[in-house]
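As structure tokens, the structure follows; a few thoughts come after it.
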Amino acid sequence: MDRIPILRMGEFLLVTIQVDMHDQLALTLQDDLSEHISRYGSKGVLIDISALDIVDSFIGRMIGTISGLSKIMDAETVLVGMQPAVAITLVELGLTLPGVSTALNVERGMRLLRERVLAQ
Amino acid sequence: MDGSQPISIEQDVVLARQTVRRLAIECGLRLVDQTKLITAASELARNTVIYGGGGHMDWEFVEEGTRRGLRLVFRDEGPGIADMKLAMTDGWTSGGGLGLGLTGAKRLVDEFSLESTPGVGTRVTICKWN
Ligand SMILES: Nc1ncnc2c1ncn2[C@@H]1O[C@H](COP(=O)(O)OP(=O)(O)OP(=O)(O)O)[C@@H](O)[C@H]1O
Ligand SMILES: [Mg+2]
């Protein structure tokens, strides 16, 4: 697989990362997402990482970049499903993901996105 | 050493993570320690590819009394690190990284040692105990 699928749900985009991504795959996802946001005028991006059992500095940086990029393009990003062991490890690694919104699961993430978009 | 695998290209970083996961489980590390060790290994393997021009990861199960541990060595014959103190500074990168790989990996494991000689290569050894 050389691409992570991006699902369109109305004005939102949903990405479920289910494979251990090599670096190029992560970069491709970053490009694909910004391309989708601009093409469809999406208002929000939900990234589900519940299947990931590690997030290292590279993936962490990608998540931060996507969040920053989407902000510039007037969209919100919410990261959902981070496993507790991953969260603990990220903090110790020194990666705090500033500016990235998180939610426990997809349902709550969607609710957060809707609230954000409505508030605008 | 109990085993070794090459780390030459980006995909080898993924393979290294998979190997370390398997070994960490075999070693009896609890989940959060597995996650920490795999993450540290991912950082070091990527450095081996990007800065070291490729190299190897060796592994060894270690024992001390009733404790078991897993020791990993990342070695390359690349350019080496001229200023190790600088390289071990949070946030310092010679490339486009976050400069968190070495310092972050050190925080995630129980033992960490960095040896590097300019023009000869780099060797990072880490160990996690259960
Ligand atoms: N195997 C190596 N050979 C030569 N230089 C290295 C090696 N590993 C690390 N370095 C040097 O040490 C610096 C710091 O490495 P570190 O992994 O901490 O950060 P980074 O790789 O630059 O960024 P990040 O890992 O956060 O993406 C690197 O920028 C590089 O100059
Ligand atoms: Mg690095």
Side-chain angles (χ1 to χ4, degrees), chain A residues 1-4 16-32 34 47-69 77 79-100 102 104, chain B residues 7-25 29-51 72 74 87-93 95-110 112 126 128:
Chain A
M1 185 161 116
D2 57 358
R3 257 197 157 78
I4 309 275
T16 306
I17 303 174
Q18 276 170 329
V19 288
D20 188 349
M21 290 190 287
H22 58 80
D23 294 359
Q24 192 50 52
L25 191 57
L27 292 176
T28 304
L29 173 62
Q30 189 176 305
D31 293 347
D32 286 353
S34 51
I47 305 175
D48 180 4
I49 58 164
S50 56
L52 284 192
D53 44 25
I54 79 137
V55 171
D56 67 1
S57 70
F58 198 89
I59 309 280
R61 193 168 57 196
M62 176 208 72
I63 291 167
T65 305
I66 289 174
S67 166
L69 266 174
T77 299
L79 186 69
V80 303
M82 188 185 290
Q83 294 178 17
V86 171
I88 292 167
T89 301
L90 270 183
V91 170
E92 219 159 289
L93 186 64
L95 210 83
T96 47
L97 298 178
V100 180
T102 54
L104 219 52
Chain B
I7 300 178
S8 312
I9 56 169
E10 211 183 78
Q11 271 80 357
D12 293 334
V13 177
V14 178
L15 296 180
R17 289 201 287 260
Q18 288 167 358
T19 299
V20 175
R21 175 173 302 114
R22 176 172 59 76
L23 298 169
I25 293 170
L29 295 185
R30 64 197 184 107
L31 180 65
V32 64
D33 288 336
Q34 288 172 27
T35 308
K36 287 180 184 181
L37 187 62
I38 299 164
T39 306
S42 183
E43 297 298 333
L44 300 174
R46 181 177 295 106
N47 283 352
T48 301
V49 173
I50 294 180
Y51 304 111
L72 304 171
F74 297 83
M88 286 306 294
T89 306
D90 251 340
W92 187 82
T93 175
L98 294 172
L100 285 180
L102 288 173
T103 48
K106 184 177 180 186
R107 283 190 289 269
L108 290 171
V109 296
D110 299 321
F112 177 100
I126 57 175
K128 191 100 189 150

Under 3.5 Å, is there a donor-acceptor pair between the side chain of B:Glu43 and the main chain of A:Ser57? yes
Rounded to the nearest 0.5 Å, what separation is found between the CZ atom of B:Arg107 and the CD atom of A:Glu92? 8.0 Å
Approximate separation, where rounding is to 0.5 Å, of A:Asp20 CG and B:Ser42 OG: 7.5 Å
Hey, does B:Arg17 have a side-chain heavy atom less than 4.5 Å from the side chain of A:Asp56? yes
So, the part of B:Ala105 with a heavy atom under 4.5 Å from chain A: the answer is backbone
Heavy-atom distance under 4.5 Å between the side chains of B:Lys36 and A:Ile88, does that happen here? yes
Interchain contact, A:Gln24 with chain B, by part (heavy-atom threshold 4.5 Å): both
A:Asp23 vs B:Val13 side-chain heavy atoms within contact, under 4.5 Å: no
Under 4.5 Å from a heavy atom of chain B, the part of A:Leu95 involved: both
Calculate, to the nearest 0.5 Å, the distance between atoms NE2 and CD1 belonging to A:His22 and B:Ile9 respectively. 9.5 Å
What part of B:Val14 gets closer than 4.5 Å to chain A, counting heavy atoms only: side chain, backbone, both or neither? both
Please examine the side chains of B:Thr35 and A:Asp53, heavy atoms only from C-beta on, and report whether any two atoms are closer than 4.5 Å. no
